[in-house]
Amino acid sequence: MAERVHITTAIFYCNAPPHVGSAYEALAADAFARSRRRRLGRANVSFLTGTDEHGDKIRRAAQAEGVPPREFTDRTSAVFRRAWDGLNVAYDYFVRTTDPEHEKFVQQMLERSHARGDIYFKDYEGLYCIGCERFYTEKELLPGGICPSHNRPVERISEGNYFLRIDKYRAQVLEHIQRNPDFIRPERYRNEALNMLAEPLGDLCISRPKSRLEWGIELPFDHNYVTYVWYDAFWAYVSAPASRDPNFISEVFATTEHFIGKDILKTHAVYWPPMLLSAGLPLFRHLDVHGWVNFGGQRMSKSSGNVADPVSYEAAFGPDVLRYFLLREVVYGLDGDFSEQRLIERYNADLANDLGNFTSRVLSMAARYFGGELTCDPVLEGEPDDAALADVMSGLEERVDAQVQELAFNRGLEAIWQALDVANKYIVQTAPFTLAKDQAKLPRVAQILANLTESLRVVAAALEPFMPVTSRRILDLLQVDETAAAAPYGRGLKQGHKVKPATPLFPRIDRKAG
RNA sequence: GGCGGCGUAGCUCAGUUGGUUAGAGCACGCGGCUCAUAUCCGCGGAGUCGUAGGUUCAAGUCCUACCGCCGCCA
């Protein structure tokens with residue numbers, strides 16, 4: 001059977017619009033998905049994202065605007081969808097937890113766990129934070145009964161609720177993590193997860209009484225309750241593909257790559273695996289945990305008013321620029337920093353000077369000396385300069401792909417830029433513009449330009465997962481279709497091929513950050 | 001309080017299992033080229049590798065303590 005992979009971002013809670021941090025996760029997952037599609041074929045990769053739309057916070061946000069929750073999330077979910085479309089996040093599934101097929105699926109999973117005896121009813125009294133939508137123990141609270149993340153008092157609530165047996169599966173999950181060293185990566189987060197699982201866990205409250213909250217999925221075995229939003233949301237990773245492909249759960253789900261932020265490590269490492277096991281599903285393949293994207297050195301937050309809107313950067317600097325910046329600058333797994341100043345520096349140094357200018361000089365010479373036509377095939381051996389160029393261009397995409405699979409997006413891009421460096425040096429070394437002054441040397445000039453054009457093709461192809469629009473633009477200038485774009489170095493462009501004249505891809509930005 | 005991470009050139013960071021004069025990019029200075037988006041290529045300066053000890057023939061790289069920043073758990 002063909003190798004398959006299922007890739008997910010977190011399901012975004014849509015009570016506020018996406019910021020650069022949520023965009024980063026979508027972009028990293030998208031680059032990963034695109035890279036996998038190039039290797040495994042489009043049909044063997046599914047990439048899922050979406051919005052989390054139930055729960056108290058959504059209900060309250062809707063109430064504040066005087067609209068029904070569904071109307072509210074119709075609008076806010078669409079904002080996410082448009083943002084991802086604008087950033088060229090090529091998802092296969094955009095799941096909304098209010099989709100009927102999702103709701104039905106969640107109820108099926110509840111039935112499965114219920115039938116297995118993993119769900120029980122218990123009267124419960126506890127300290128509840130509305131902001132967090134969860135109960136706290138005394139020890140977790142700040143003095144005076146203050147919620148540590150919302151900095152406001154919790155409420156004492158007494159009610160009966162349904163619980164899922166989490167601790168029952170703790171040993172099994174622990175063992176799985178120990179036996180699969182890269183199950184949670186990077187490793188630092190694996191260690192944290194092992195820590196969390198080292199001691200007995202409380203079971204997970206998975207219901208809310210309708211008397212308190214109606215905005216959720218009704219429990220199939222008790223009409224007086226809805227499902228707790230966290231339980232509901234996890235299944236968004238599975239519901240849509242499982243509804244459409246009967247073999248998804250048995251054959252595909254185990255290949256899942258979950259891209260998540262470090263803030264939800266605990267829920268994904270501790271609660272999600274028991275939920276799966278209890279419902280009779282296998283575990284996913286990897287939990288791929290990333291850090292924060294700060295803004296000018298500060299944590300992005302609504303209260304400090306420094307929330308960067310990803311779509312505005314797309315509009316201001318052009319397609320792919322935010323993608324390039326985040327994937328090049330942020331080390332996956334560590335916190336990164338976003339600033340317009342840095343963005344412009346990267347833009348000028350890497351995109352305008354290295355990539356854009358290289359494209360421009362190659363196509364200009366091709367047009368000037370040969371009317372845009374290749375008059376010979378590129379060569380792998382040739383002269384020492386040619387061989388050095390071929391050496392770095394051959395297998396470039398494979399080297400990049402290997403980095404992407406390790407989530408080292410920055411290193412993948414570095415590898416492409418190393419190839420660009422060699423290509424720029426090659427022009428200086430061989431000086432085709434000097435040789436062209438001598439009629440007798442035109443055949444050598446033709447050879448050099450064939451090699452350079454071919455190099456540009458390989459670079460454009462390798463760039464696709466990170467910068468799909470730019471990749472397409474370069475390939476259009478080269479008049480290359482998808483099939484030719486995928487060919488190894490030396491086997492793509494042929495004698496007689498014609499390319500278009502140069503057009504600037506990334507005009508320099510001569511201003512300071514505003 | 002427990003566990004863990006980080007602290008290397010002005011900035012952002014690489015530095016495998018300890019081993020020749022500690023590296024890259026950006027920024028800066030000088031030189032070269034002119035195909036190209038004042039771009040490209042070459043050269044250059046600068047770091048007591050957080051502090052203090054220790055192990056070793058040899059430590060940024062291992063051990064201990066301390067300082068600073070951060071995370072997770074309680």
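This one's a predicted model, so the numbers in the text were calculated from it and none came from an experiment. Chain letters run A, B, ... following the sequence lines, proteins first and then strands; every chain starts at 1.
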>> Looking only at side-chain N and O atoms, does A/Tyr120 offer a donor or acceptor that is under 3.5 Å from a partner on A/Asp203?
In response: yes
>> Under 3.5 Å for both donor-acceptor distances, Watson-Crick or wobble: does B/G45 have a partner, and if so which one?
In response: none
> Using purine N1 to pyrimidine N3 plus N6-O4 or O6-N4 for Watson-Crick, or N1-O2 and O6-N3 for G-U wobble, each under 3.5 Å, what pairs with B/A14?
Replying inline: none
> If we call it a pair only when both distances are under 3.5 Å in a Watson-Crick or G-U wobble match, what pairs with B/U20?
Replying inline: none
> Counting just side-chain N and O atoms, does A/Arg508 come under 4.0 Å of either OP1 or OP2 of B/U39?
Replying inline: yes
> Toward the 5' end of RNA chain B, which comes first, A/Met365 or A/Asp350, by nearest nucleotide?
Replying inline: A/Asp350
> What is the distance from CG of A/Leu363 to C1' of B/U37, rounded to the nearest Å?
Replying inline: 13 Å
> If the C1' atom of B/C67 is compared with that of B/U21, how far apart are they to the nearest Å?
Replying inline: 32 Å
>> Rounding to an integer number of angstrom, what distance separates B/C43 and B/G53 when you compare their P atoms?
In response: 39 Å
>> Please report the distance separating the P of B/G44 from the corresponding atom of B/U39, rounded so that it comes out in whole Å.
In response: 22 Å
> Side chain of A/Asn357: nearest nucleotide among B/C35, B/C73, B/C40?
Replying inline: B/C40
> Rounded to whole angstroms, how far apart are CD1 on A/Ile264 and C1' on B/G71?
Replying inline: 16 Å
>> Measuring only the C1' atom in each nucleotide, how far is B/C13 from B/G18? A whole number of Å is fine.
In response: 22 Å
> Under 3.5 Å, is there a donor-acceptor pair between the side chain of A/Tyr426 and the main chain of A/Ala388?
Replying inline: no
> Over how many whole Å does the gap from A/Asn410 atom CG to B/A14 atom P extend?
Replying inline: 9 Å
> So which nucleotide from B/U34, B/C40, B/A36 ends up closest to the side chain of A/Lys437?
Replying inline: B/U34
>> The side chain of A/Asp354 is closest to which nucleotide in this list: B/C40, B/C73, B/C35?
In response: B/C40
> Distance from A/Leu477 atom CG to A/Arg457 atom CZ, nearest 0.5 Å?
Replying inline: 15.0 Å
> Given B/C40, B/C3, B/U39, which nucleotide is nearest the side-chain atoms of A/Asn424?
Replying inline: B/C40
> Using a distance-only test with no angle check, is there a side-chain donor-acceptor pair under 3.5 angstrom linking A/His497 and A/Gln479?
Replying inline: no
> A/Glu345 has a side chain; which of B/C26, B/C35, B/C3 sits nearest to it?
Replying inline: B/C26
> If we take the P atom in both B/G31 and B/U37, what is their distance in whole Å?
Replying inline: 24 Å
> Taking for each residue the nucleotide of RNA chain B with the nearest heavy atom, is it A/Val428 or A/Ser364 whose nucleotide lies nearer the 5' end?
Replying inline: A/Ser364
> Between B/U37, B/C40, B/C41, which nucleotide has the shortest distance from any of its atoms to the side chain of A/Ser360?
Replying inline: B/U37
> Should B/C66 form a Watson-Crick or G-U wobble pair with both distances under 3.5 Å, which nucleotide is its partner?
Replying inline: B/G50
> The side chain of A/Asn353 lies closest to which of these nucleotides: B/C73, B/U37, B/C40?
Replying inline: B/C40
> Taking any strand in view, what nucleotide pairs with B/U34 in a Watson-Crick or G-U wobble way, both distances under 3.5 Å?
Replying inline: none
>> As a test of reading the structure: which of B/C35, B/G15, B/C40 is closest to the side chain of A/Arg411, going by heavy atoms?
In response: B/G15
> If the C1' atom of B/A36 is compared with that of B/C28, how far apart are they to the nearest Å?
Replying inline: 24 Å
> Out of B/U37, B/C3, B/C73, which has the shortest distance to the side chain of A/Met196?
Replying inline: B/C73
> If you measure from the C1' atom in B/A46 to the same atom in B/U61, how many Å do you get, rounded?
Replying inline: 23 Å
>> With a 3.5 Å limit on both atom pairs, tell me what B/U56 is paired to, counting Watson-Crick and G-U wobble, or say none.
In response: none
> Partner of B/U39 by Watson-Crick or G-U wobble geometry, both contacts under 3.5 Å, or none?
Replying inline: none
> Between B/C73, B/U37, B/C41, which nucleotide gets closest to the side-chain atoms of A/Phe506?
Replying inline: B/U37
> Which base sits across from B/A74 as a Watson-Crick or G-U pair, both distances under 3.5 Å?
Replying inline: none
> Between A/Tyr332 and A/Phe32, does the ring centroid distance fall short of 6.0 Å?
Replying inline: no
>> Does a side-chain N or O of A/Arg328 approach OP1 or OP2 of B/U12 to a distance below 4.0 Å, or not?
In response: no
> Is it the case that A/Asp385 and A/Thr430 place a side-chain donor and acceptor less than 3.5 Å from each other?
Replying inline: no
> So, A/Trp235 versus A/Trp272, ring centres under 6.0 angstrom or not?
Replying inline: yes
> For A/Tyr237 and A/His268, does a side-chain donor sit closer than 3.5 Å to a side-chain acceptor?
Replying inline: yes
> With sugar-phosphate meaning primed atoms plus P, OP1 and OP2, does A/Leu505 contact a base, only sugar-phosphate, or nothing at under 4.0 Å between heavy atoms?
Replying inline: base
>> Taking the C1' atom in each of B/A9 and B/G29, what is the distance between them to the nearest angstrom?
In response: 16 Å
